[in-house]
Colleague: 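Sharing a structure, written as structure tokens. Questions coming.
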Amino acid sequence: GRPDAWSSDGKKIAIDSSRLDPASRDCFLIDIASGEIRLVSRNPGIGNITNLSRDGSKALLERLRNRGDINLYLLDIATGKDTLLTPHSGTANYFGALAPDGQAAYIGSNQDRDLTAFARIPLGGPAGPHAVEILAAREDGELSGVTLNRKGDMAALLWNIKGRSEISFYDLAHNKHLPGPKAPGEIVGGLA
């Protein structure tokens, strides 16, 4: 298996592994103290947990449907029930992070667009998930990475601008896109 995400208390780590079926990558949680490995999601193909909510009750799950077509799901850790967040026709890629409070997913999406943009899917309320809401987009390039701070009020965004990396920030509390520092090199491998 490979590591995907830590719980906020540092006591568990999510991994995806083909230990149950060589044709798929299912999601497991490992309790660091006891070594217990618990299956939390059977995946029809490749799946991985991108991150967990602060209380550990929910996770954002990516599943590869086909090449160039990735969906996001909200996973209930206790029950293993997953809810599709990104229904679409045709092909579309999605990636991102679950807010620490579990009330939104902040994602990259190229659904119905040529270039991947930064977006939000509100998750709260009895109506369940709502439609993808675009927060920031660029005409000269596309989003390639998203990470949230621990508080969940700021996102760091990595953009691919004609093969060169640029960093910006998005103030989630005030819905404001902010410039970032100059990248340390032409290409940045990721955000953590």
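Keep in mind the model is a prediction, meaning the values are calculated, not measured.
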Colleague: I need the full list of salt bridge (Lys or Arg N to Asp or Glu O under 4.0 Å) pairs touching residues 26-55, with sequence neighbours left out, sorted by first then second residue.
Modeller: D26-R42
Colleague: Is a side-chain donor or acceptor of S53 paired with a backbone partner of G102 at a separation under 3.5 angstrom?
Modeller: no
Colleague: Minimum heavy-atom separation for P181 and F169, please, with both atom names.
Modeller: CD-CE1, 3.5 Å
Colleague: Mind listing the closest non-hydrogen atom pair of T79 and D76 along with its distance?
Modeller: N-OD1, 3.0 Å
Colleague: Kindly indicate whether the side chain of L72, heavy atoms from C-beta on, has any atom under 4.5 Å from the side chain of E62.
Modeller: yes
Colleague: Heavy atoms, side chains only, cut-off 4.5 Å: are S57 and I77 in contact?
Modeller: no
Colleague: Under 4.5 Å between any side-chain heavy atoms of Q103 and K58, yes or no?
Modeller: yes
Colleague: Once you round to the nearest 0.5 Å, how far does CG of L157 lie from CD of E166?
Modeller: 11.5 Å
Colleague: Measuring only between side-chain heavy atoms, which start at C-beta, is F118 closer than 4.5 Å to V146?
Modeller: yes
Colleague: Given the rule that I, L, V, M, F, W and Y join up when any side-chain heavy atoms are under 4.5 Å apart, are L39 and I30 in one cluster?
Modeller: yes
Colleague: Within the structure provided, determine whether L123 and T83 are in side-chain contact (heavy-atom separation under 4.5 Å).
Modeller: no
Colleague: Apply ring-ring contact (aromatic ring centres under 6.0 Å, His included) to Y94 and list each qualifying residue two or more places apart in sequence or on a separate chain.
Modeller: H88
Colleague: Of all the heavy-atom pairs spanning L143 and L158, show the shortest one and how long it is.
Modeller: CD1-O, 3.4 Å
Colleague: Between N43 and S24, is there a side-chain donor-acceptor contact under 3.5 Å, judged purely by atom types and distance?
Modeller: no
Colleague: Say whether L135 and L60 are linked into one hydrophobic cluster, either directly or through other cluster members, by side-chain heavy-atom distances under 4.5 angstrom.
Modeller: no
Colleague: Would you kindly say whether R138 and S168 are connected by a side-chain donor-acceptor distance under 3.5 Å?
Modeller: no
Colleague: Name the orientation class of the two ring planes belonging to H177 and W159 (parallel below 30°, tilted from 30 to 60°, perpendicular beyond 60°).
Modeller: tilted
Colleague: If two hydrophobic side chains count as joined below 4.5 Å and joins carry through other members, does L52 share a cluster with W6?
Modeller: no
Colleague: Locate the shortest heavy-atom distance separating P122 from A131; write the atom from each residue and the value.
Modeller: CD-O, 3.8 Å
Colleague: How far does CG of L75 sit from SG of C27, to the nearest 0.5 angstrom?
Modeller: 7.0 Å
Colleague: More than 12 non-hydrogen atoms from neighbouring residues, nucleotides or ligands closer than 6.0 Å to CG on D140, yes or no?
Modeller: yes
Colleague: Using side-chain heavy atoms (C-beta onward) and a distance below 4.5 Å, is L74 in contact with L98?
Modeller: yes
Colleague: Can you tell me how far apart NZ (K11) and OG (S34) are? Round to the nearest 0.5 Å.
Modeller: 11.5 Å
Colleague: Could you check whether any side-chain N or O of N110 sits under 3.5 Å from a backbone N or O of N93, counting only pairs where one atom can act as donor and the other as acceptor?
Modeller: yes
Colleague: So, does T116 use its side chain to make a donor-acceptor pair with the main chain of G108 at under 3.5 Å?
Modeller: no
Colleague: Determine whether Y73 and I107 fall in the same hydrophobic cluster, where Ile, Leu, Val, Met, Phe, Trp and Tyr are linked whenever their side-chain heavy atoms lie under 4.5 Å apart.
Modeller: no
Colleague: May I ask you to test the N48-L61 pair for a side-chain heavy-atom distance under 4.5 Å?
Modeller: no
Colleague: Of all the heavy-atom pairs spanning A156 and L191, show the shortest one and how long it is.
Modeller: O-CD1, 3.4 Å
Colleague: Can you tell me how far the OG atom of S89 sits from the CD atom of Q111, to the nearest 0.5 Å?
Modeller: 7.5 Å
Colleague: Quick check against the 3.5 Å criterion: does T86 have a side-chain atom that pairs as donor or acceptor with the backbone of N71?
Modeller: no
Colleague: Should I121 and Y106 be regarded as members of a common hydrophobic cluster, given that ILVMFWY residues are connected when their side-chain heavy atoms come within less than 4.5 Å of each other, either directly or indirectly?
Modeller: no
Colleague: Looking at A92, is its backbone amide N or carbonyl O close enough to the side chain of D69 to form a donor-acceptor pair, meaning the two atoms are under 3.5 Å apart?
Modeller: yes
Colleague: Could you grab the distance from atom CZ of F95 to atom OG1 of T50, nearest 0.5 Å is fine?
Modeller: 11.0 Å
Colleague: Taking atom CD1 of I161 and atom CD of E142, what is their separation to the nearest 0.5 Å?
Modeller: 8.5 Å
Colleague: Below 4.0 angstrom, N of the basic side chain to O of the carboxylate: do D16 and R25 qualify?
Modeller: yes
Colleague: Taking all heavy atoms of N160 and all of S144, pick out the closest pair and write down the distance.
Modeller: N-OG, 4.1 Å
